[in-house]
Amino acid sequence: MTTIAFSLNGRAVQAEVEAGTRLIDLLRESFDCTEVKEGCGEGECGACTVLLDGRPVTSCVLFAWQAHGRTVVTVAGLPKQELSRIQEAMVGQGAVQCGFCTPGFVLSIKALLDSNPTPTRGEILAAVSGNLCRCTGYERIARAVEQLTRQGGSPCAP
Ligand code: FES
Ligand code: FES
C-alpha cells in the first residue's frame, strides 16, 4: 500500500492505494464519486472521463497513484454555473438521452472551451472523439458546443 495525496474537486485528499488500484475505483469507492461512470473499462468509451490537471483522461486506464500530487476534477467539481451552462446547451440541443455518457462529454467540452473558446466543427469533433454516445450521435453534441461558443463571453449567457 502507498499513501497518495491529491486535490479532488478542490479539496486536498489522501488515500491508501495498492499499486494496481485504478483511479476510477478509488474515486467511486473511496470518495463516492459515482458520477464517474464505468462503461468499457478499456479506455475506449470516455464514460469515466475526469480532468487531470485540467486535461480529460480516462480514469479506468489510469492507476490511482498517477493522481499523486495532481488535481482531479469530476463533473461534480465544476462550478455550478459552468456545469449548468454546458448541461443546458446539451439538453437544449437534444444531446442528452440516457445520460450515461454526459458527465464525460461535459468534461471534454469544458476542457476544449478552456483551451479554445471558438473551436471549429472539426476541433469540436476531435475534442470529443474519445467519448462515445450510443443515443444521440455527434451532430447534436457538436451543435451544443457551437451554441456555447456563440454564448462565450456574453454577460447574458446563462
Ligand atoms: S470506462 Fe473508461 S473509457 Fe470506457
Ligand atoms: S445519451 Fe445515452 S450514451 Fe449518450
Side-chain angles (χ1 to χ4, degrees), residues 2 4 6-9 13 15 17-78 80 82-116 119-151 158:
T2 309
I4 62 168
F6 60 104
S7 167
L8 175 59
N9 290 343
V13 296
V17 298
E18 306 273 4
T21 303
R22 300 181 309 165
L23 181 57
I24 187 173
D25 296 326
L26 176 69
L27 295 174
R28 287 180 59 89
E29 293 165 15
S30 299
F31 295 106
D32 293 327
C33 296
T34 53
E35 68 277 16
V36 183
K37 305 295 185 193
E38 176 148 18
C40 65
E42 297 177 348
E44 298 293 333
C45 75
C48 64
T49 299
V50 299
L51 298 182
L52 185 64
D53 291 342
R55 299 184 58 186
V57 295
T58 45
S59 60
C60 70
V61 292
L62 283 182
F63 293 117
W65 57 262
Q66 291 177 284
H68 179 64
R70 303 175 77 178
T71 297
V72 176
V73 175
T74 74
V75 77
L78 292 187
K80 284 202 172 21
E82 190 171 14
L83 176 60
S84 302
R85 191 167 162 256
I86 297 173
Q87 282 179 324
E88 283 169 17
M90 292 182 74
V91 170
Q93 293 292 341
V96 178
Q97 287 185 26
C98 79
F100 191 80
C101 69
T102 305
F105 270 98
V106 167
L107 290 170
S108 293
I109 291 167
K110 180 211 164 21
L112 168 67
L113 294 177
D114 280 353
S115 64
N116 178 5
T120 62
R121 174 61 74 103
E123 288 168 336
I124 294 168
L125 294 177
V128 298
S129 61
N131 297 88
L132 298 184
C133 178
R134 299 183 195 287
C135 301
T136 69
Y138 292 88
E139 176 62 26
R140 291 163 187 269
I141 290 166
R143 276 196 236 142
V145 179
E146 287 166 348
Q147 178 183 324
L148 289 162
T149 299
R150 287 193 298 275
Q151 291 171 344

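None of these values were measured; they are calculated from a predicted model. In listed order, ligands and their atoms are each counted from 1.
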Run the numbers for me: atoms of ligand 1, each under 4.0 Å from some heavy atom of [X], listed by number.
X     : value
Glu44 : 3 (S)
Cys60 : 1 (S), 2 (Fe), 3 (S)
Gly41 : 1 (S), 4 (Fe)
Cys48 : 1 (S), 2 (Fe), 3 (S)
Gly39 : 1 (S)
Gly43 : 3 (S)

Crowding at CZ, Arg121 (>12 non-hydrogen neighbours, <6.0 Å) |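 Count over threshold, so yes.
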Taking both backbone and side chain into account, is any N, O or S atom of Cys45 nearer than 2.8 Å to atom 4 (Fe) of ligand 1?
->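 Yes - counting backbone and side chain alike, Cys45 has an N, O or S atom under 2.8 Å.
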From atom 4 (Fe) of ligand 1 out to just under 2.8 Å, does an N/O/S atom of Cys40 turn up?
->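 Of the N, O and S atoms in Cys40, at least one lies under 2.8 Å from atom 4 (Fe) of ligand 1, which means yes.
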Judged by atom type as modelled, is there a donor-acceptor pair below 3.5 Å linking the side chain of [X] to the main-chain atoms of [Y]?
X      : Y      : value
Thr74  : Ala76  : yes
Ser59  : Leu23  : no
Arg28  : Thr34  : yes
Ser108 : Phe105 : no
Ser115 : Leu112 : yes

Per-atom contacts of ligand 2 with Arg134, taking only distances under 4.0 Å to non-hydrogen atoms =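 Near Arg134, meaning under 4.0 Å from one of its heavy atoms, ligand 2 has 3 (S).
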Distance filter under 4.0 Å to Gly99 heavy atoms, resulting ligand 2 atoms =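 Close to Gly99: 1 (S), 2 (Fe).
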side-chain contact (heavy atoms from CB on, under 4.5 Å) partner of Ser7, the single match among Val13, Val72, Asp53, Thr71 =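 Testing each of Val13, Val72, Asp53, Thr71 against Ser7, the sole residue satisfying side-chain contact (heavy atoms from CB on, under 4.5 Å) is Thr71.
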Would you call Arg143 and Glu139 a salt bridge, using N to O less than 4.0 angstrom?
->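 So Arg143 pairs with Glu139 through a salt bridge.
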If you stand at atom 2 (Fe) of ligand 2 and look out to SG of Cys135 and SG of Cys98, what angle do those two lines make, to 10°?
->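 For SG of Cys135 and SG of Cys98, the angle centred on atom 2 (Fe) of ligand 2 reads 100°.
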Could you give the distance from CZ (Arg140) to CD (Gln147), rounded to the nearest 0.5 Å?
->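 Interatomic distance, Arg140 CZ to Gln147 CD, rounded to 0.5 Å: 13.0 Å.
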Between Gly46, Ser59, Gly104, which one has a non-hydrogen atom sitting closest to atom 3 (S) of ligand 1?
->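 The nearest heavy atom belongs to Gly46.
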Metal-centred angle, atom 4 (Fe) of ligand 2 as apex - SG of Cys133, SG of Cys101, 10° resolution |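 Cys133 SG and Cys101 SG form an angle of 100° at atom 4 (Fe) of ligand 2.
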